[in-house]
Every structure is written in C-alpha cells, then in structure tokens.
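This report refers to the structure that appears directly beneath it.
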Number of protein chains: 2
Amino acid sequence: MKTINLTTQRQAVYDVVRQSEDHPTAAEVMNRLVERGHSFAYGTVYNSLRYLADKELIRELKLGETASRYDARTDDHQHIVCEVCGRVDEVMTPVPEEWMTRVAEETEYEVHEAHVVLEGVCAECRSKRKR
Amino acid sequence: MKTINLTTQRQAVYDVVRQSEDHPTAAEVMNRLVERGHSFAYGTVYNSLRYLADKELIRELKLGETASRYDARTDDHQHIVCEVCGRVDEVMTPVPEEWMTRVAEETEYEVHEAHVVLEGVCAECRSKRKR
DNA sequence: AATAGATTTATACTTATTCTAAATTGAAAT
DNA sequence: ATTTCAATTTAGAATAAGTATAAATCTATT
Ligand SMILES: [Mn+2]
Ligand SMILES: [Mn+2]
Ligand SMILES: [Zn+2]
Ligand SMILES: [Zn+2]
C-alpha cells in the first residue's frame, strides 16, 4: 500500500527537486540531472516526477505557465510569481479558513482545497525599477 | 489605442463566449461556432480569443487543466472545479484584502492580483454520491 | 539459474497552441 | 468607381509539454 520504491533514477530526481529552491520544471530537472552526470530518458524523468508526486514526496504545481513546476515542500502553502522576472516564491500565510467556509456556503460545494497563484513584482525587480 | 475592431469572426467568437455559462475551451468554442453555421479556421478562433482577452472583453482562465477556458465575465471573481464531474463554477466571494496585505508583507512583493482555483465536490455530485 | 514483476529506455504519438506565408477583406484616398 | 494598403483570415506546418508503447533491463524470490 504505502511502500515506496526509490530506484536510482527516482532518488536522483528527488534529490534534484529537494535541492532546488526555485520550483524547477521537468526540463530544468533534466538539465540538473545531466549536470550531475546522469543521463536518464526524458520519459523516466516524467515518470519519476509523477511517481514522487503520487507518493506525496513532492508536489506538482500548475502556475498557469505552459510547463508544470515541482516543489519538494509538501506542507500547505501557496505561490507568488513575479510579473517581471518570473521567479516563483513561497506564500506561507495560510488562506483564511473563514473565506473557504464562505465559498462553500456560496457555491454549495464541499471544498477540499484552494490553489492560489498571486502575481506581482518582487522586491528585487521593484528596486531595479526605481531608478 | 483603445479602438476595438470586431470583425465578423471576432464578433461570432465573442457571442459564443458571452452566451456560454460553462467557461468553454477553445475547442468547445469552435464546436459551438460550427453548430451556429460558422466555419472559421482554428487559428482564427485562437487569434480572436486572444484579441478579445487583450481588449479585456473576455478573460482567459488557466485552471490547471490542459486547455485554457474562456469567460465573458470580466469582473473580479474566482473559480471552483468539481473533482467528480469537472464542472467549473463562479466564486464571487472576494479574496480577503487583509490576506493579500499579509502576503505582501510576508513576501515583500507588490501584489497585483490573485488567481484562485478551488477544488471540491459540487452539490449535484454530492447528492448522487449519497446513496 | 529460472521466473516474473517492476522499471527504464527509445521512440512514436497526442494535444493545445502558435507561427507562417499566401489569399482575402475592407476602409481610405484617388 | 477604382486603386491601394494595412489588417485579417486561412490552411497547414511547426512547436512544446507530456503520455503511451513495446522491447530491454533490473531485481527479488524460488
Ligand atoms: Mn513552494
Ligand atoms: Mn467565471
Ligand atoms: Zn522579479
Ligand atoms: Zn460535480
């Protein structure tokens, strides 16, 4: 049931995701694997990412870009994307329970989760802009 | 600058989106155009949707599915997707300003907007399930 | 060692969308 | 009315991300 089989490939993919701070795409994971001397088939990287996400060791993020990103943080959190440089940062402030409750009332849905993608300008791009 | 040129094709695409309650995908828009007796090139439908979204007559939604959906409502609102039947409903209860402010403090971003996709089970699927 | 299930690999395929270059349209100027 | 020119549409090719397939390889158990 709960048994997790970490093959060489899966372990290497997992390591890359865990050691990345920037929510890499599958293509970025692949590049980093090559940098580390691995050469796995593309399909294997996709399979591994899917496997790790299924086992909840990582999360797949759909941020509205063309490619999914992957995140080794599996605790509840959201994301913010810089409109200027594209960086993706963590949002740890939780979505208010009370808002979710109100949405459940409004929509008559049983609400399971909320995926939030915020957009704005990061501190770095803001300071660059002022000048 | 602000001039909007609604060709026959763009007008027809706009009409379909406005008269749809269900946030159709580009392929669904195309089917509905054919039902109405139109036969536009695929590229034209995509171009029209992009044009209308640029002019802010409609909105493009990225809900984490493979295909974008389109929405004739351009006022501020969010969406909820049923995990069982896939239907997409409106969420009009606004995201709390206060939460956005806290996120701005936490991340040091200048926050411009929030895109929220909630997931859960709709009333209809819930009642079907209970039996 | 033999078997069998799981996994990896290379490659083909799919889906959504964008790009391209030629043809068409339509408004403005003659 | 005819010419002109930019904007638009069209058909089809191209791209990007991801999935499916089938053969080869690995691994645990007899
Ligand atoms: Mn994250
Ligand atoms: Mn909507
Ligand atoms: Zn930035
Ligand atoms: Zn439902």
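For the numbers below, each heavy atom of this structure counts, side chains included, while hydrogens, waters and symmetry mates do not. None of these values were measured; they are calculated from a predicted model. Order of the sequence lines fixes the chain letters, A, B, ..., with proteins taken first and strands second; residue numbering starts at 1 for each chain.
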Determine which pairs satisfy ring-ring contact (aromatic ring centres under 6.0 Å, His included) with at least one residue from residues 79-115 of chain A, sequence neighbours left out, and list them in order. A/His23-A/His79, A/His77-A/His79
Electrostatic pair B/Glu110:A/Arg129 at N-O distance under 4.0 angstrom: yes
Can you list the other members of the hydrophobic cluster that holds A/Val121, where links are side-chain heavy atoms under 4.5 angstrom apart? A/Val84
According to salt bridge (charged side-chain N to carboxylate O under 4.0 Å, His left out), does anything in residues 74-87 of chain B pair up with another residue at least two apart or in another chain? List the pairs. B/Arg73-B/Asp75, B/Arg87-B/Asp89, B/Arg87-B/Glu124
Pair B/Arg69 + B/Glu28, salt bridge at N-O below 4.0 Å: yes
Send over the distance from B/Leu33 CG to D/dT10 P, rounded to a whole Å. 11 Å
For a quick check, with a 4.0 angstrom heavy-atom cut-off, what is the B/S/- contact string for nucleotides 4-25 of chain C, read 5' to 3'? --SSSBS-----SBB-------
Please table the atom pairs, donor to acceptor, closer than 3.5 Å between any side-chain atom in residues 39-49 of chain B and protein atoms at least two apart or in another chain.
{"from": "B/Asn47", "atom 1": "OD1", "to": "B/Arg50", "atom 2": "NH2", "distance (Å)": "3.4"}
{"from": "B/Asn47", "atom 1": "ND2", "to": "B/Gly43", "atom 2": "O", "distance (Å)": "3.4"}
{"from": "B/Ser48", "atom 1": "OG", "to": "B/Thr44", "atom 2": "O", "distance (Å)": "2.7"}

Result for side chain to side chain contact (heavy atoms under 4.5 Å, CB included) between A/Val88 and one of A/Leu63, A/Asp22, A/Asp71 points to A/Leu63
A/Arg102 bridged to A/Glu106 by N-O distance under 4.0 Å: no
Sort me out a list of protein N/O and nucleotides 28-30 of chain D N/O pairs below 3.5 Å, or just none if empty.
none

Between A/Glu65 (CD) and D/dA16 (P), how many Å, whole number? 16 Å
